[in-house]
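Read the structure below first, then the notes.
Letters go in sequence order (proteins before strands), and every chain restarts at 1. Computation of the quantities below employed the complete heavy-atom set of this structure, encompassing side-chain atoms and omitting hydrogens, waters and symmetry-equivalent molecules.
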Amino acid sequence: MIDLKLLQKDFESVNKKLMRKGVDATLIEELKLKNEELKKAKSSYETLQALQNSMSKEFGIYKREGKDISELKARVDANKIVINEALDIQRNTQEELEKIAMSIPNMPDDDVPDGADEEDNIELKKVLTPREFTFTPKEHWELAEQNGWIDFERGVKLATSRFSVQFGMGARLERALINFMLDFNRSRGFDEVSVPALVNRSALEGTGQLPKFEDDLYKMQNQELFLIPTAEVPVTNIYQDEILREDELPKKMTAYTSCFRKEAGAAGRDTRGMIRQHQFHKVELVAITHPNESEKVFKEMVECASDILTALELPHRLVNLCTGDLGFGAAHTTDIEVWLPGQNTYREISSISNTREFQARRAKIRFKDGKKNSFVHTLNGSSLAVGRTLVAIMENNQNEDGTIDIPEVLKPYLGISI
RNA sequence: GGACAGCUGGCCGAGUGGUCGAAGGCGCUCGCCUGGAACGCGAGUAUAGGGCAACCUAUCGAGGGUUCGAAUCCCUCGUUGUCCA
């Protein structure tokens with residue numbers, strides 16, 4: 001959530017920043033006016049309430065002393081009618097304000113490049129050089145089918161489109177990748193956690209998926225529970241509504257979960273293969289840090305994810321997202337894109353974001369900052385999307401006959417002697 | 001699924017309609033005491049919002065209700081424990 005005090009104090013700069021992210025200027029104006037309206041409504045309600053409280057105290061004294069209360073009661077009753085009106089106004093205004101405030105995205109950092117979409121993202125660096133093929137590399141679904149690793153048709157039979165079944169080495173590689181990634185992250189100081197795959201509304205509001213993106217979430221029918229679209233949601237919200245000690249920070253966590261997305265806005269995109277599935281595996285990094293430390297941890301997270309790809313010998317590049325491609329909660333994001341020779345392009349395999357105070361303010365995650373409480377910074381990033389890593393291994397490590405070489409670092413996880 | 005009992009500050013725990021933002025204890029901070037410490041003594045010690053401030057408002061699991069007034073009474077929900085199915 002955006003800082004309403006900052007909005008009030010420095011409207012111009014907040015407005016400018018949000019405009020870069022394409023937020024409607026009238027909405028920001030409206031939020032500011034609503035906030036002022038709420039302050040007025042609160043103050044008039046509180047004044048009336050203070051009067052009511054003092055009259056009520058008097059009431060007690062009157063009774064104890066046996067005085068006649070009829071005149072006082074008349075005053076108090078009259079005041080009560082006015083209070084109720086003021087309270088109604090206050091509540092409505094509050095509700096309207098929250099509705100607007102919760103739907104406004106985070107402000108991008110000043111050094112985030114301007115841009116409309118992914119075309120305007122800025123490449124930061126390339127890691128490893130894509131290999132030269134002496135034959136035309138196949139796309140992963142062809143290889144998957146040929147090796148009997150992934151069955152897309154049976155996935156559709158069991159559920160619906162965008163689901164798949166992994167067999168044999170395909171299934172084992174997934175499991176090996178998950179274990180390898182978790183171990184790798186742990187070696188970089190991220191503690192492993194295991195979290196629910198179903199979460200409630202307030203968790204999703206905390207990290208920013210709700211209220212705006214409900215259409216992309218799977219919701220239980222008879223309960224206010226949703227399947228998680230990313231482990232970011234349960235892991236970040238572990239500390240929802242808590243005040244942490246400063247010496248507990250940073251909290252660096254890693255979790256493996258399945259993720260579930262309706263992909264409502266992605267009709268027609270990546271319909272073939274396992275690039276965009278409704279259910280996919282992901283190993284996630286989440287950090288909760290002191291505000292001074294978030295950029296340092298951010299770099300560690302990017303490095304961690306990139307180093308996993310390097311360990312798997314997968315060429316990739318780091319990309320700085322432009323304002324138009326930035327997610328709802330992010331102040332800035334670095335994407336990691338892995339080289340897919342079959343598609344002859346780099347594709348996103350990880351997205352690492354610093355949300356700064358944005359999620360912390362929504363989820364009320366604070367720390368004891370000396371005498372007072374301050375909001376922490378929260379960060380999240382994939383390390384990595386498992387299905388896409390499997391795709392990258394298949395496409396990069398394919399031989400002319402369609403067989404696929406297993407990366408050395410995964411062999412111990414597959415019981416293959418090196 | 002049913003019955004009963006809880007849910008109070010960092011922790012434990014008292015509090016069944018007004019003087020309760022909440023006794024007491026523990027912990028923590030500061031000071032005194034001491035060569036230094038323990039003990040002892042004294043002071044302080046929740047969060048959010050508003051105000052230059054005095055101070056005001058809200059919060060005793062959450063929400064709603066009764067009442068001039070609710071931690072306390074009523075309702076709904078959540079949650080923990082125990083027992084039954």
[atom1] ([X]) with more than 12 external heavy atoms under 6.0 Å:
X: A:Lys32; atom1: NZ; result: yes
X: A:Lys368; atom1: NZ; result: yes
X: A:Lys16; atom1: NZ; result: no

- Item | Nearest-0.5 Å distance, CD1 of residue A:Ile275 to CD of residue A:Glu348 |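 It comes to 10.0 Å.
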- OG/A:Ser258 to CD/A:Gln277 distance, rounded to the nearest 0.5 angstrom?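 Reported to 0.5 Å precision, the distance equals 11.5 Å.
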- Nearest-nucleotide 5' precedence on RNA chain B, A:Lys368 against A:Lys39: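 Whichever sits nearer the 5' end wins; that is A:Lys368.
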- Message: Quick test of your reading: applying ring-ring contact (aromatic ring centres under 6.0 Å, His included), list the pairs with at least one residue in residues 353-389 of chain A, sequence neighbours left out, ordered by first then second residue.
- Response: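 Only A:His290-A:Phe367, A:Phe328-A:Phe358 qualify under ring-ring contact (aromatic ring centres under 6.0 Å, His included).
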- Note on the structure: Nucleotide by nucleotide, nucleotides 57-68 of chain B touches protein heavy atoms under 4.0 Å in the pattern (B base, S sugar-phosphate only, - none) BS-----S---B
N/O to N/O distances under 3.5 Å, protein versus nucleotides 28-30 of chain B:
none

- Query: Going by atom types alone, do A:Ser294 and A:Asn354 pair a side-chain donor with an acceptor below 3.5 Å?
  - Reply: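 A pair is found: one side chain offers a donor N or O, the other an acceptor, under 3.5 Å apart.
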- Query: Using atom C1' of each nucleotide, how far apart are B:rG6 and B:rA14 to the nearest Å?
  - Reply: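 Rounded to whole Å, the distance is 15 Å.
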- Message: Under 3.5 Å for both donor-acceptor distances, Watson-Crick or wobble: does B:rC77 have a partner, and if so which one?
- Response: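 For B:rC77, the partner nucleotide comes out as B:rG61, under the 3.5 Å rule.
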- Checking side-chain contact (heavy atoms from CB on, under 4.5 Å) against A:Phe260, which of A:Thr230, A:Leu227, A:Leu217 comes through?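 By the side-chain contact (heavy atoms from CB on, under 4.5 Å) criterion, A:Phe260 pairs with just one of A:Thr230, A:Leu227, A:Leu217: A:Leu227.
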